[in-house]
*Asks:* 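One structure coming up, written as structure tokens, with questions to follow.
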4 protein chains.
Amino acid sequence: MSRAPVAGVDDARKAAGPSFPDEDATSGASVADPAGGTRERLLAAAFAITAEGGYGAASVGAIASRAGVAAGTLYRHFASKGELFVVLFRRVCGREVVAMRRAAEDVASGPERIVAVLDTFARRALQHPRLAWALLAEPLDPLVEAERLAYRRAYRALLSELLRSAVDDGALPEQDPDLTAAALVGAVGEALVGPLAPGADVDATALLPELRALVSRAIGTAVPR
Amino acid sequence: MSRAPVAGVDDARKAAGPSFPDEDATSGASVADPAGGTRERLLAAAFAITAEGGYGAASVGAIASRAGVAAGTLYRHFASKGELFVVLFRRVCGREVVAMRRAAEDVASGPERIVAVLDTFARRALQHPRLAWALLAEPLDPLVEAERLAYRRAYRALLSELLRSAVDDGALPEQDPDLTAAALVGAVGEALVGPLAPGADVDATALLPELRALVSRAIGTAVPR
Amino acid sequence: MSRAPVAGVDDARKAAGPSFPDEDATSGASVADPAGGTRERLLAAAFAITAEGGYGAASVGAIASRAGVAAGTLYRHFASKGELFVVLFRRVCGREVVAMRRAAEDVASGPERIVAVLDTFARRALQHPRLAWALLAEPLDPLVEAERLAYRRAYRALLSELLRSAVDDGALPEQDPDLTAAALVGAVGEALVGPLAPGADVDATALLPELRALVSRAIGTAVPR
Amino acid sequence: MSRAPVAGVDDARKAAGPSFPDEDATSGASVADPAGGTRERLLAAAFAITAEGGYGAASVGAIASRAGVAAGTLYRHFASKGELFVVLFRRVCGREVVAMRRAAEDVASGPERIVAVLDTFARRALQHPRLAWALLAEPLDPLVEAERLAYRRAYRALLSELLRSAVDDGALPEQDPDLTAAALVGAVGEALVGPLAPGADVDATALLPELRALVSRAIGTAVPR
DNA sequence: AATGAATGAGTTTTCATTCAT
DNA sequence: TATGAATGAAAACTCATTCAT
């Protein structure tokens, strides 16, 4: 029983792998860290392998080979495998939180804000289901686990804050905002990542409106009958 | 980079470990597979270790040693480590589904049935949080992953069926029962045993009423205002 | 620049290597640890390689290969490479101390006792010069270093005690017994097995009487003129 | 199993490190090799790191970084890491021999000369204990090992010559000067910088008079009684 | 049916050395 | 002369699986 399914790593797209989401023109690629530099290629390779096969598939050898360098080269750019993933996590999760926060700002009222935030979370998770799973749930290096916890807390804090103010405004019924926030993250993750993980034969995008409605109900938006 | 904390496996209760939940007299132990037989002891050992330290702690050596046999003996009873966990998963998850189904039968009306089912799910998960996490989320052998998928489908099917009939009765608003079912399992799992769940210092049982209210709202039970 | 000279390990005597010194009939080989058992073969291989090329040549791979087993097998018998060397050190050094103590018992008066003890030390070191060097000086795993320190202390304590009582009896002039003891171990080691020692071409045994005379003078045995 | 503690190499004095002992105006720095040249800075860096953390801490990267150049630059000035240490050894040991020879010249009679020489050896070793250990005992590259041997021979030759003439003058009893010389170097080294030497907490300088007395006795200077 | 020693491919990490710029 | 990123072979250690007894 092989612990990690490494199959399909080497024969997969050797060239690039999925490019980073949101790697737009305004990205922070500095001169010291050019977009095509080895460090970036290592991060991109780790991202691609994790997105395809999860953390378990992302051995140092696989990452380096995908990046087109020798294994030892990774250690010129990161102190350890864990450090690489901390950087990767921070970057990817940071982008998620920013996107969610932006979604909140685009909407006026309280309850709809929460729906918009979770809708954003869901849409983005759907784009990289295996990665979303790795970010949300897969057990990792302790070093990375700490980073994950920080970002889950950020997710929850964002939602929790929005929920609390909506409750204070009387727009939502009394509830424990932390619990609701955690549950909603879990609900969206399960609803999307779960069914998608094995066979992506379902068009999960069609589920988004349904999911919005569910979130609406769960937070207690007044629903007529 | 250590994959998983294996602490406390060998020095823990050598004799028994936590007995299987619901290991009642009407168990399916056949004559060929007596309750005290080696095969059962292996399953019980794997269960106990997983419940304590997760899948990562459940090495063949640890399981065999806890069962009081040699490592090689495991292969007399299971084709591989993965096979053992398939059997274990099937058994444990089957019990969960049965318990949830029973909970449904004890309640008359539609919406409350769903709440009762998820309440049962939540209560049982709280009794073995590490195990619940392993069953729900921890990445496993591909062999076992398939089994897990089957049981996620079973959870979802049970809830989905109840949701559908309540919707048909007009007791709940129109919705995609599969989506709601999956989301609710995710919500409860995340809120109780996920990384966002409160630590061991908080009494998670206190969250159950809040969680029931959340479920009520999410399925669309008429909410006052 | 290769850190460790591994050359000549594999092509050397594959069969046995130098048998343990003093592996006599009354050895403590237990039933659980038969003389031909893998554990003993690993210890013998480690001994042989260290005696030939020092600790630096004694990689896990080289030891296992010399013992005729796979590298992983070493870890069935020792928790780590360091543990193996702790066992080896304890065994080898223990024998040295015993031999020196016996030599002391065979002689009556104080000053001659010290000469006899160091003579024994010297004779035995000459039998395995490279090993003696490894035991006395070569930097090691911290685990093993502690063990070495313990035995150097034992050497010194034995000598120091003999010196002190001889000084108290008035047989030797006033001196710091600890300093003299350490210096004598260093003197004998250097003269016989250190980098200043004559090469293999010279018969070092011929030096023993000279060395005895030197020790005699150093401790202050009355020497006429 | 970590071979050597490398702690505190990078954060230590980046600028200079301990300047070479005896780096006096009459140094042999040629025009082709100016004192502030890269080659000299590399030697100084290697010296400083070895004096602080031993040979094990002196990686090519650490040396180059301390010298303020890139790792590759080392290979412009030395064929290999080993070559650098050969040069370093030759220089440092040469200085030691010179210092010992000078000490001999300052004293008239035979026996006292030997005591003075070893006293010098001991004093200088105490000033850089870690370096002394590296020079005297630590296992090195075979290339460097040969150099060390040469200088240990030089130590011995110097002492041996003095011993021989004192014996010929009748100032000391008959003995094998080479053996005595080697043994004395070993005795002083062990007593001061070996594993049996007192830790840094003890003032080893206090041992010098005792050590002089021991050396006196060992060479056979007329002893009272 | 059971043993448990042995396997061997796998993991992460280090570091002297090279070479295109 | 100098750079410093890249190399690649080495290290110690893990663990699911096999097989002679």
*Asks:* Assuming nearest nucleotide by heavy-atom distance, tell me which of D:A71 and A:G61 is located more 5' along DNA chain E.
*Replies:* A:G61

*Asks:* Between the protein and nucleotides 19-21 of chain F, list the N/O to N/O atom pairs that are separated by less than 3.5 angstrom.
*Replies:*
none

*Asks:* Choosing from F:dT7, E:dT12, E:dA2, which nucleotide comes nearest the side chain of A:A70?
*Replies:* F:dT7

*Asks:* Just how far, in rounded Å, is P of E:dG8 from CG of C:L74?
*Replies:* 16 Å

*Asks:* Output all residues satisfying side chain to side chain contact (heavy atoms under 4.5 Å, CB included) with B:S59, sequence neighbours left out; order by chain, then residue number.
*Replies:* B:A62

*Asks:* Quick one: do C:R39 and C:F78 satisfy side-chain contact (heavy atoms from CB on, under 4.5 Å)? Show the steps, please.
*Replies:* CA-CA 8 Å; C:R39 181 185 164 97; C:F78 303 95; 3.6 Å; yes

*Asks:* Heavy atoms from C-beta onward define the side chain here; which of F:dT3, F:dA6, F:dA11 lies closest to that of D:V69?
*Replies:* F:dT3

*Asks:* Out of F:dT3, E:dT13, F:dA2, which has the shortest distance to the side chain of D:T38?
*Replies:* F:dA2

*Asks:* Nearest to the side chain of A:K81 - E:dT13, F:dA12, F:dT7?
*Replies:* E:dT13

*Asks:* Where does DNA chain E pair, written as one dot-bracket string 5' to 3', with Watson-Crick or G-U pairs under 3.5 Å, ( ) inside the strand, [ ] for crossing pairs and | for another strand?
*Replies:* .||||||||||||||||||||

*Asks:* If only side-chain N and O atoms of C:S80 are considered, is one of them under 4.0 Å from the OP1 or OP2 phosphate oxygen of F:dA12?
*Replies:* no

*Asks:* Using the salt bridge (charged side-chain N to carboxylate O under 4.0 Å, His left out) criterion, which residues pair with A:R90? Sequence neighbours excluded.
*Replies:* A:E147

*Asks:* B:Y75: what forms a side chain to side chain contact (heavy atoms under 4.5 Å, CB included) with it, not counting sequence neighbours?
*Replies:* B:V60

